[in-house]
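Here's the structure we're looking at; comments come further down.
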Amino acid sequence: MEVISADVAIIGAGGAGLRSAIAVAEADPGLKVALISKVYPMRSHTVAAEGGSAGVVQDHDSLDNHFDDTVSGGDWLCDQDTVDYFVSHCTREMTQLEHWGCPWSRKPDGHVNVRAFGGMKIERTWFAADKTGFHMLHTLFQTSIKFPSIQRFDEYFALDLITDEGRVQGVVAMEIRTGAVKLFLAKSVIIATGGAGRVYQYNTNGAIVTGDGMSLAYRHGAPLRDMEFVQYHPTALPRIGVLITEGCRGEGGILVNKDGYRYLQDYGLGPPDPWPRKKAMELGPRDRLSQAFWQEEQKGRTVETPLGQAVLLDLRHLGEKKLHERLPMICELAESYMGVDPVHEPIPVRPTVHYTMGGIRTGVTTATDIPGLYAVGECSSCGIHGANRLGSNSLAELVVFGKQAGSHAAEYVKSARAVNEGTASKQAGDVLRRVKAIAEREKGERLANIRNAMAETMEAGCGIYRTGEGMQETCDTLAALKERYKGVAVGDKSRVFNTELLYAVELGYMLEVAEAMATSAVNRRESRGSHQRIDGYEKRDDQDFLKHSLAYYNPSGAPRIDYEAVNITRSQPADRVYGGEGDKIKETANV
Amino acid sequence: MSEQQSDQQTIQIEILRYRPETDHEPVWQSYTVPFDPATSVLEGLTYIKDHLDGSVSFRWSCRMAVCGSCGMQINGEPKLACQTFLREFHPGKVRIEALANFAIERDLVVVMDDFLEKLTAIKPYVIRDQDKPLEEGEYLQTPAEQVPYMQYSQCINCMLCYSACPQYALNQEFTGPAALALAHRYNMDSRDQGVDQRMEILNMEEGVWGCTAVGACSEVCPKGVHPAAAIQQSKILGTLDYTKMNALRKFILPKGAR
Amino acid sequence: MSEFTANGATRKPYRRPIKRSWWVEKAFFTKYMVRELTSVFVGLYSLILLLGLYRLTQGPLAFGAWLIGISSFPSVVLHLMILGAALFHTITWFNIAPQAMPLQIGDRKVPERPIVIGHWVAAAVLSLLVLVLFIVL
Amino acid sequence: MTKTHEPIVWSLFGAGGMLTAMLTPILVLITGVLVPIGIISPERMSYERMLAFAQNPLGKLVLLVIITLPLWHAAHRIYHAHHDFLIHTTKVHLALTYGLALLLSIVTVVLLLMVGF
């Protein structure tokens, strides 16, 4: 087996992977960085992010405001020390991106412009029209070309981590275009593989968002934290799942049911006017808006479309100039997928799985429980998102903690012991045998059946509103699917660019991540953020459940669930209030 | 898209298959796929992969025409499979082939190395003699100063322009539309001072001078990047660079960030 | 199928050859080729004028013969073909010219259409001027 | 990457292109159609008038431009069209296109001098 040695190996070349690669290169140009990604960097799912990236920049705004919006948005499950670090470094990283050429949208005077996002008191979302993720990713990819110490391994699929005496020693990956399995020796590994939205049937995520890195770390003992919190984005195209950015609502777009009524006012987010207005109505947090849709659907007040139930996102009053200038991609998407021109017609939308709050447990330094292993971006749970991510915090997270991961990995490598190639090669041999078993199995179940069954049970049991019974059923179904997965067979026996084999391996990752989500969910007997129950646990229980859930891998069954305290420094849990209520309390407490 | 749509229309999809370990040359293979007005060609391909023939290989991810993975020839035209709909071809059939002007790695997957080399060769990053400290905040750049380069920054690297460009077909050394448009994006960014370095690549036979303004690149571009325009403007910059008319060149280039 | 080993399989990328008739098979490229070949007619017209200039230096008799030559029926037909080619060139040239002229008013890019129309207006004015000068002077 | 002198010929091609786009149609119409069929009286192109025009310095300049620039335009396009026909171009092709344009430009200048002042 070919061996490639590097100082730092990074899995995933999206916003987080690229930023950490650059950070290692800047920390020490002498360190060899192997940037491994199963797709070319510009295809990473960061490219699909539309809305924006948060960073306090206006004089009347403050780090505390950003801190409060994040912590209250996360229903107080955020680690406040990490949030403090995060909010105080966002603006610097956004400015770094600007210096690297990122085309942030501007005010007439040339300063960076910002707009409002759901759950945000004062607007602080930097944006590049409605393609912020795209421009950030391309800026980072193009800037990474400047650093010779970063060697890219495009279209290499990560099969497993190599660990020795509890320390990470490298990665085993397959070169997709030849099928060759190679051993990457590295003193430090950074996982930046993104979220796991694809475990759900309807999601806004790309095909590659299958939780690979989460599963790799999980299998090697790193706990997956807060996995039960999966964010539904309130406005995505029905069935297709393509995202319609929150920026539409930031610009003044409204949501109406089939009677043309702005239904959000019935769910504690009103009064509807004046509009647009921060932290109210359509600019409430994502979990509230998604929950409101579910209620409207129960009451039969949603619109029937060929692609399923939806509500209407009305942008007509914004006018053609503003729509084509500020939301060009949205007009394109609505036109080509739904045959709807937003200038003249409202866009049918519905909540769709969008973001995985949970992930590999890390902290401010992005270090995981395994020495030498770091995790950054959506695959990690660094502690800032809590039970419900504030819109535009995740793009900022990529660069703020990407820099952390790179710098700390570079630091770690200096003192790390040399890699033991012997044990590494042996482990790599085991990995090869595992993949060989799947590839060479003659008869077995078609993986699409298992995948669809997983996606359907997750949607049914771990959706917007959950019941203990429903979640338990999902856990049982997933356990059965894991059994069936042992017999999955792949028809394609070739080696060159065999994507069917990769889909089979991905399915293995997804089943484990889905099980961690469902098991963590059924054990959380309260409602918090995006985890809402309607079986007697409707209330938030700060007594027993103001704590992070931890899912530990169990090779022979469901994960062991444990809990750990939430780091609370200065913001005590209070009611999450938005809309009129929020304003009232703000006046009284003259915060 | 589950398969139990009852009153389902179906359509014929023919794919140019090529498995290097067994095929000596590409061979057409036909499939029948159910669809409705919102079914994209990409969803047709994923249906085939899930239910009919798992060995069909193709690149895809975002399904919203922003990642650039799913470029392929659809009925002879270079298109993004996720943004092209089966409804457009019914009742006719859909013939899908890997992107033209690139070697086929396998089925609908092309070899991208040449494209990546060209994209990275033109120094697609801000080049400055001196970068001001981050503490001093962002470079000022008015919306008016963004107009000269914004269009050329929309490229999703989907390579449709390369598959449409006859000059790239005739001469693989040609730098090509997307790379030249990206170079122009940086040349026209008021924060960049790297135009001279990029001219060393652009002002070559295989650089902008490999283009004869056919314009097919701008026709097929799904993001309206208009690489043909970027190249014509780069030819003028190249000419001014060659003839040392620096005064006129300064007039065209952005004034530099404040 | 070979045994599943660590070193995978050797790649065999397949290059589809470019056909000499590439510009015949697509209307867009045929139009491009016709556009390129209009230059032959434009060059031919310069040769005709050059011949006229040469005859001019040889005196009235030679120049008179050239005049008669270009007044012949075949010559008029040829000039009509050159005219057709020249007009096709003008259309395609004016459609491309704006690409090299990125104009903007404030923070709005001037679209290509007005610039194309501007070129046509300029052509019309110049043509009228030439016609008038030719008749008057 | 090979050095290039393309900017020179491209500039001539561009100038020739704009000139021919603007003026060639009306010129061809006048000298090739209107005068020959008599809509404009042939007297306008008589030997005496044309000689006077050619002898006038401004006339010389106009003739030089409208004869030579289109030649360079045509030479450039014909040369590059070879690539489109998959013909590998050599020095011979350079001579037959740009070389010819240069030669004919020199001939034009000589004739314009010979015609006197």
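All values below come from the heavy atoms of this structure, side chains included, with hydrogens, waters and symmetry mates left out. So that the names make sense, note that chain A is the first sequence line, chain B the second, and so on, each numbered from 1.
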Best-contacting candidate, [options], against chain D by heavy atom pairs under 4.5 angstrom:
{"options": "C:Val40, C:Leu80, C:Leu47, C:Leu131", "result": "C:Leu131"}
{"options": "C:Pro60, C:Ala123, C:Gly43, C:Ala86", "result": "C:Pro60"}
{"options": "C:Leu50, C:Leu87, C:Ile18", "result": "C:Leu50"}
{"options": "C:Leu53, C:Leu126, C:Val42, C:Leu49", "result": "C:Leu53"}
{"options": "C:Ile135, C:Ile91, C:Val130", "result": "C:Ile135"}

If every non-hydrogen atom of [X] is compared with every non-hydrogen atom of [Y], which pair is closest and at what distance?
{"X": "D:Pro25", "Y": "C:Thr90", "result": "CG-OG1, 3.7 Å"}
{"X": "D:Met22", "Y": "C:Ser127", "result": "O-OG, 3.6 Å"}
{"X": "D:Ala21", "Y": "C:Trp93", "result": "CB-CD1, 3.9 Å"}
{"X": "D:Ala74", "Y": "C:Ser39", "result": "CB-O, 3.3 Å"}
{"X": "D:Thr31", "Y": "C:Ile70", "result": "O-CD1, 3.6 Å"}
{"X": "C:Thr57", "Y": "D:Leu111", "result": "CG2-O, 3.6 Å"}

Donor-acceptor contact below 3.5 Å, side chain [X] vs main chain [Y]:
{"X": "C:Trp22", "Y": "D:Phe85", "result": "no"}
{"X": "D:Arg77", "Y": "C:Leu37", "result": "no"}
{"X": "C:Tyr45", "Y": "D:Gly32", "result": "no"}
{"X": "C:Ser71", "Y": "D:Pro36", "result": "no"}

For this session: Assess the side chains of D:Thr24 and C:His89: does a donor N or O sit below 3.5 Å from an acceptor N or O?
Result: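 No.
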Nearest 0.5 Å, please: how far is [atom2] in [Y] from [atom1] in [X]?
{"X": "D:Thr108", "Y": "C:Tyr54", "atom1": "OG1", "atom2": "OH", "answer": "13.5 Å"}
{"X": "C:Phe73", "Y": "D:Ile37", "atom1": "CZ", "atom2": "CD1", "answer": "11.0 Å"}
{"X": "D:Phe53", "Y": "C:Phe134", "atom1": "CZ", "atom2": "CZ", "answer": "9.0 Å"}
{"X": "D:Tyr47", "Y": "C:Leu67", "atom1": "OH", "atom2": "CG", "answer": "11.5 Å"}

Can you find a pair of side-chain heavy atoms, one from [X] and one from [Y], that are under 4.5 Å apart?
{"X": "C:Phe63", "Y": "D:Glu48", "answer": "no"}
{"X": "D:His80", "Y": "C:Glu36", "answer": "no"}
{"X": "C:Trp66", "Y": "D:Met50", "answer": "no"}

Region of [X] in contact with chain C, defined by heavy-atom distances below 4.5 Å:
{"X": "D:Leu23", "answer": "side chain"}
{"X": "D:Val110", "answer": "neither"}
{"X": "D:Ile40", "answer": "side chain"}
{"X": "D:Ile30", "answer": "side chain"}

Which portion of [X] sits near chain D, non-hydrogen atoms under 4.5 angstrom:
{"X": "C:Phe29", "result": "neither"}
{"X": "C:Thr38", "result": "side chain"}
{"X": "C:Ala85", "result": "neither"}
{"X": "C:Val24", "result": "neither"}
{"X": "C:Trp120", "result": "neither"}

Problem set entry | Whether over 12 other heavy atoms sit under 6.0 Å from C:Lys31 NZ | no
For this session: Return yes when atom CG of C:Leu133 has more than 12 non-hydrogen atoms of other residues, nucleotides or ligands closer than 6.0 Å, and no otherwise.
Result: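 Enclosed: over 12 neighbouring heavy atoms sit under 6.0 Å from CG of C:Leu133.
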Problem set entry | Among the listed options D:Leu27, D:Val115, D:Asp84, D:Leu112, the residue most often paired with chain C at heavy-atom distances under 4.5 Å | D:Asp84
Problem set entry | Between D:Val28, D:Leu71, D:Ile66, the one whose heavy-atom pairs under 4.5 Å with chain C are most numerous | D:Val28
